[in-house]
Structure formats: C-alpha cells, structure tokens
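Here the structure is a predicted model, which means the values were calculated and not measured. Hydrogens, waters and symmetry mates are skipped; everything else that's a heavy atom, side chains included, is used. Sequence lines set the chain letters: A, B, ... in the order given, protein chains first and strands last, and positions in each chain run from 1.
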Amino acid sequence: MVAVDLPERTATRRPPARRGRRAAGRALPLVPAFGLLALFFVGPILWCVYASFTDIALTGAGASTPHLVGLRNYRQMFSDPTFTKSLWLTVVFLIGSAIIGQNIGGLILALLMNGRRRIVRTVVGIIVVGAWVLPELVAGFMWYAFLSDTGTLNAILHAVGLHGKSWLYSMPLASVTIANIWRGTAFSMLVYSAALSNVPDELLEAAAVDGASAFARLRHITLPLMRRAMLTNLMTITLQTLGVFTLIFVMTGGGPGTKSQTLPIYMYQEAFKFYHLGYGAALAIVLLAVGGLFSIVYLRGMRKEV
Amino acid sequence: MRRKSALVMTAVMVAATASACGGGSSDSKTIKVAYQKFGNFIGADELFKKIKPVFEQQNPGLKLKLIPIEADENSYYTKLNLMRRSPKTAPDVAYEDTFFVNSDAEARFLMPLDDDLKSWPDWSQFVDAAKAAGRAADGHTYGVPMGTDTRGLWFNKQIFAKAGLPANWQPKTWNDILAAARQIKARVPGVIPLNVYAGKGVGEASSMQGFEMLLYGTDDKLYDDQTKKWVVPSRGMGAAFDFLKTVYSSGLGPTQQQALDPHWSDNVGGQELPKGKLAIALDGSWLPQAWIPGGANAWPQWSSVLGTAAMPTQNGQAPGKVSLSGGWLLSVGARTKNPSAAWKLVQLALNKENSLFFYIKATQVSVRNDVAADPKYLEGNPTQKFWTDLVSVTQYRPAYSVYPQISNQLQAATEAVVTNQASPRSAMNDFAGQVKQIAGPDKVEAKS
C-alpha cells in the first residue's frame, strides 16, 4: 500500500456549472474502483470497528447473538499487561527491523552499489532481491533452520570451536528482527537505487569541484534530494512490518512465553485460539491506529518543500 | 461513449461480485459433511470416501458432498465455525471436538440427538464415558463419539535394561517414577530420563499430557462438576507443580530450551523416542501413528523397543491409575435442511464396520464394546489393548468455552515453574488470579 501524495494542480478558473459537469465526467470511470474499494476494503474495516464494540465470538453464546458491550473490549485491553507488552514489542520490532534495519541497510547497499561495475550490481542485486522474493513462510522456516539449537549457525560455531546458543530461546526478538531485516532490505535498496539515479551528477561534480567531501555531498545534496523517496519507503515498510505475522509465527510462535508476541500474533491468539472475535477486532483497530499514526508523521514530512 | 462504457463496467463488476457471494447454496438433496484432513490424519477422509457410494446408494436422490478441511486442529475449528456462521455454508454433519460441545451447543450450532439415539440399537454398544463426552451441560447429547485417545507412560526397554529396571515396569506412585528416572540419570548418561510436557511452546500438550495427567491423579481436579466451579488453588495442584519443579530442576527432564521449543512434541515422537534418547515419556496413545509403515517417521521396531505403563496416581490412591481423553464426535448441524438424512449418515459412518475402519486408520482407541472385542481391532498394534483398557478410568477435560484461555494460563504457569521464574506456590497463586479474571470470581473455589 503505497500512498503517493500528488502535488495539487492549480486549476484554471472555469464557470462553475461546466466545472461540475466535467468533474462528474472524470469521476464516473472511478465508480467501479470506488465501489470495489468500499465493498472489500472500507466494508470490512467498518465491520471490524463495529465488531470491536461487541462480544462476538466463534463459539459460545456470543456466536449466535452478539451483544453490544460498549468499550468493554478496549477497557480490558488497556488493563491487560499482555497487551501493553505486545504493543511495546511491536514498536521495538518496527523501529529495529524497519526504520533502522531495512531502511538504513537498504540505503547503505544502494549507496555502495551506485556507480559500481555492472557485474557487481547484478550479483549483489540478485542475492539481495532473492531474499525478498522468497515467500514469508519459506523465509521464516529458513531462519528457524538456521537459528534453531541444532541449526546451521550452531553447527558452524561448533566447527570453529565456539559454543553455540539457543538463539530463538535466549534472544527471540533480536532473532525475528534480524530475519525481517534480511528479508525486507531489498525493497528499500530498490527504492533508494531508483532515487539515487535521479540525483543529477552535475550537482555532485560541481560540489566536488568546490571541495566538498564525499560525506558533505551525501549529507547536503544526495540525502535532501532523496527525502521524498525516503518517506515513501519508510511508510511502506512501516505498514508492512506492522503486519508481519508469518515470519514470527513460524520462528518463535510469539514465545518463549510472550517474549516475541507482537500485536498481530496476540490478535491471532485472541481471535482464533480463544475465539474472541470482538476482542481481536479491537486489537486490529489499535494496530490500524498505530499504522495511521506513523503514516501521518511521514505524510507531514513529505508535504514540506525541499 | 466513455460514460456508457464505464456504466457497463460498473454493472459487470457488481454482477460479478454479487454472484461470487451467492455461491455454495444448499438444498435438502445434498448432505454436506465437514471434517479435518491434515498431515498424518487422513482417517476421516478415508472413512467418508468409503461410505459416500454406500450412502448414495442407500438413499436414492441424495448426494453426499465431502468437505475435507486441511488445517491443524486449531485452524480446523476456526474454519468450521466460520462456515457455521452462515446457513449457506454450514455443514449438515461435522467432525466435532468433544471439547467444544458445550460452547457450540450454547452457540446453537448443533442439533440435539436424544430421540434419535434412543431408537438406535447400536447406541448401547458405546461406553458410558464416551457417551457422556457428547452430552452438554444442558443434558442433551449432541454427537456420536468416533473413538477416543488415552494417555499414559511410554518407556524404552533397552534403556531400562541398561539402568537395571524391569521390562514390565509399572510404577505405583509418582515417587516410583522419580526413582526410576534418577536411576536412569545415574546409570545411563546422555539420555533424557523423563519427559513431562510443560510451558507454552507445545501448547495444549503441556496442559493435558503434562499437568492435568498429574493433577487428575491427586485428590483434586481442575473443575468440580458438582459445585460447577474451577478448583484453584488446591493441595493436589500444588503437588503437581512441585512434581514439575523436581523433574526440571534436578536434571531428570529435558532442558528448558527443549521443553519450550514449539516443535518439542513432534521431536519427542519423531526423534527422541525412536533414537533412544528419551527413557520415559508421559504421552498419548496415538504416537504409533507416526511409526507404522507409511507414517511420518516409520520405525518398525517400535513395538519391541517400547513398553507402556499406566500413569499412577500420586500416592497410589484408588483407582491406582489415571488417564485423560479427548476425542471427536459426529454432530448434526442445527441448520441442516434434512435432519433425517444427516442422522442416517451419522448412523452409517459409525456402525460397527465403519467404526472399526476409522479406529484402525486414525489410530483411535475404541469406544464401542463390540469393536474393542474384535480381533481385527487388536491386531497390528500390540499396545492397542493397553490403551483401550485405560478407557475404564479415563476422564475428559472440563469442556467449557473458557477452557482454552484457562489452559493457556496454565501453560504459562508451568513455564514459570520449569524456568525458575516462579516458585510452585507463587505460580499457583498467580494462576488462581488469572482463572478468577477469566471465569469470574464466583466460579472459582479453593481447596486445601
């Protein structure tokens, strides 16, 4: 879901009647798209909002005759330490794996590859993008196989005489964070590679002639010119990472205990293991709000002119 | 021109969407049966494939539609109940966990079968414990049992020989088990003496195969059917937590990392037992399902290497042994358009011949007396008689809709104990607080 902020065009003034008819004519082809969006996107969200105020469940009395329970689900949520912990874990996971890991990793990769020989770019590109095109399930399983007690990493460590560790047990959040960085960095790299190719060479050369160091050129020319791409990228990977479920579910199942139980895992547990659809829906709304909050921050950043 | 084509597009889209939503209409001529088909578990699929032609021949004009749901137990249940939310997708007959009878009856997903059962001659062949498993708190029976499973101790006779323990081992008390485990630890290094599931990693296995197998061997239970209250904390529960603490803190059990790995229960049956790395396992009757030829971990020697022993009660108090059971029912959906045909299908699927077929295919323990006495039922699996005899003492879990949550808290409490995050006493008190919150304070009583 990439939200692109198109610059507003200043319309030339026309008589209002013609303008209205023209607008209607333009809007008409959009009707099917809007209809489908309303049906399959807005509809479920509205249902979710409604469900979060009921005791609807998959079994028991709440399954046949759900009742409106007001804010009970939300009150329960905010008095539940598991929820607070999950929210916190989600934010740490988001900042660690997306905002720092994927974003900075992708930027560094893109900068390093910029202007290298073609063969280097191709080889590195294939390797990095390879991680990205793998289905999430496969990536999760690979990382489980790599980090588990008898996994590849421990085998390598043993071979060189080092003691392994139960990685998934002793550092679950770090493990899933690294796996998510590994998987998602390619996307940021692609975005930044594209943005880098739009930075005019003349500008950089001129700055170099004026005696600007490589770091100064990056700091004052390249990065400011890439700001929009950066914010778009941040928004995309933030929303993607907030929704990461399969990777964590396969690697740790949210455990041990609740040490890697992010909001999506918690939501799944409540809705589909304890069958409280209403409470699960309330959690989904909170997740939506977190995503919305980050998006607003990014969108505001984008609006400012360079 | 443009506008027109847009209109046409809209109409096409709307029509397409509307028709997509209207699929799967149901009528009284098609009987739909939904069941689980997953990994090793293809017994139900084979059963219904076998009886489909028979049913359609016996009932001209009717069609049987099979809906195998490929999902693990938890997701199967989710999918089944999502189907039941709409009359268009609700199955007429479904494979139903005994454990959800109360909450699904409360949700009005199931049809009571009392009158039908009264006039069904086969019903007298079913053992009482299993009949009770299909009966909800409202007194009505909502399904016919398809077999069950029981729980007890598996032990490796080769390791026992090395440790100087008998091949016909039968512990009388919990202390006998601990003594055997200590002897193995001392004399056979490199093996795990005893596995009792604990922690959230393996999920329900740590509640049912682990903690409840201990608790139900004390004088207390998790739920009192008389007072209709959850019993926590209790003296028996404290003893069960102490037992776990002893096993894990004195090196008699698996390491914490092993026990908390979500794949640990698969590893026990798939690797630790077959490879001779585990001496005693408190586990279920279904393990040979993976070892028989064609199973996930074929292990032809299993029946000569492994022995079985009933799980003793805490101090040997009557009846001396303990087992817990799950098991599945065939239930008729409350929204079926043709109840009599649905009931005919249940009768056909669970008559003597087809019950036997299903028990063998799905490694089930028999709940029919006539099948249990059939030589064909006992041949092929030398432990079958042992597990079937446990049906006489077996107990079912409290089948209430809050149980999954309570079980989840119980798993967390066992995890706290085996990882030394909490003492048995404080873990039990925390658990008591959680149960009060989940079930309501008036639904909980303490016993000491």
Side-chain angles (χ1 to χ4, degrees), chain A residues 21 24-36 38-40 43 56-66 76 79-80 82 144-145 148-150 164-170 172 249-259 261 268-277 279-280, chain B residues 2-14 16-17 21 74-75 77-82 84-85 100 102-109 199-204 255-263 267 271 334 400-408 411-412 415-416 419 421 437-438:
Chain A
R21 225 182 304 150
R26 277 185 185 163
L28 197 61
L30 291 175
V31 167
F34 276 121
L36 286 176
L39 197 62
F40 293 112
I56 190 166
L58 269 181
T59 184
S64 45
T65 43
Q76 187 191 341
S79 65
D80 182 357
T82 328
Y144 175 80
S148 71
D149 282 5
T150 52
K165 211 172 165 174
S166 296
W167 304 102
L168 293 171
Y169 175 78
S170 55
F249 192 71
V250 172
M251 286 177 66
T252 65
T258 53
K259 286 189 187 123
Q261 183 172 280
Y268 172 81
Q269 172 183 291
E270 289 296 327
F272 297 120
K273 272 173 98 174
F274 303 155
Y275 311 116
H276 292 156
L277 292 183
Y279 189 60
Chain B
R2 258 219 203 129
R3 243 170 259 180
K4 213 174 202 175
S5 63
L7 268 177
V8 172
M9 271 288 282
T10 318
V12 169
M13 292 291 206
V14 168
T17 332
C21 297
N74 189 48
S75 313
Y77 192 69
T78 305
K79 290 183 180 185
L80 177 66
N81 274 6
L82 286 171
R84 282 169 165 168
R85 292 181 65 82
F100 284 112
N102 271 313
S103 50
D104 282 344
E106 216 180 316
R108 278 178 265 146
F109 286 150
K200 283 181 71 175
V202 294
E204 185 60 19
T255 63
Q256 292 173 16
Q257 290 87 324
Q258 284 172 320
L260 301 189
D261 185 329
H263 306 270
N267 291 351
Q271 291 177 24
Y400 295 94
S401 54
V402 290
Y403 176 84
Q405 278 170 282
I406 289 179
S407 170
N408 188 55
Q411 292 155 32
E415 181 162 318
T419 55
Q421 287 172 27
Q437 209 175 39
I438 295 165

Of all the heavy-atom pairs spanning A:F274 and B:P404, show the shortest one and how long it is.
CE2-O, 3.6 Å
What's the separation between atom CG in B:L260 and atom OG1 in A:T252, rounded to the nearest 0.5 Å?
12.0 Å
Turns out that what part of B:D261 lies under 4.5 Å from chain A's heavy atoms comes down to side chain
B:L80 CG to A:T59 OG1 distance, which is reported to the nearest 0.5 Å:
9.5 Å
B:Y403 versus chain A, the contacting section by heavy-atom distance below 4.5 Å
neither
Hey, which of B:Y77, B:Y400, B:F109 has the most heavy atom pairs under 4.5 Å with chain A?
B:Y77
Measure across B:N81 and A:L58 and return the closest heavy-atom pair with its distance rounded to 0.1 Å.
ND2-O, 2.9 Å
Which bit of B:T255 comes within less than 4.5 Å of chain A, counting heavy atoms only: side chain, backbone, both or neither?
neither
Just how far is it from atom NZ of B:K79 to atom CZ of A:F272, taken to the nearest 0.5 Å?
11.0 Å
Side chain / backbone / both / neither for A:F249 at chain B, heavy atoms under 4.5 Å:
neither
Rounded at 0.5 Å granularity, tell me how far CD in B:E106 sits from OG1 in A:T65.
9.0 Å
How long is the gap from CG on B:N408 to OG1 on A:T82, to the nearest 0.5 Å?
9.0 Å
B:S407 portion near chain A, given a 4.5 angstrom heavy-atom threshold
neither
Atom group of A:Y275 that falls short of 4.5 Å from chain B, counting heavy atoms
side chain
Which answer fits B:R84, side chain, backbone, both or neither, if we ask what part of it has an atom under 4.5 Å from a heavy atom of chain A?
neither
Please report the closest heavy-atom contact between A:V250 and B:H263, naming both atoms and the distance.
O-NE2, 4.3 Å
Under the side-chain contact (heavy atoms from CB on, under 4.5 Å) test, which residues partner B:Q437, sequence neighbours left out?
B:Q434
With sequence neighbours left out, the residues meeting side-chain contact (heavy atoms from CB on, under 4.5 Å) with A:S170 are A:K165
Please name the pair of heavy atoms, one in A:S64 and one in B:R108, separated by the smallest distance, quoted to 0.1 Å.
OG-NH2, 3.9 Å
Nearest non-hydrogen partners of A:Y169 and B:T419, listed with the distance
OH-CG2, 3.9 Å
A:E270 side, atom CD; B:Q405 side, atom CD - distance, nearest 0.5 Å
6.5 Å
Does the side chain of A:T150 come within less than 4.5 Å of B:Q271's, by heavy atoms?
no
When the 4.5 angstrom heavy-atom criterion is applied to A:A271 and chain B, the contacting part is neither
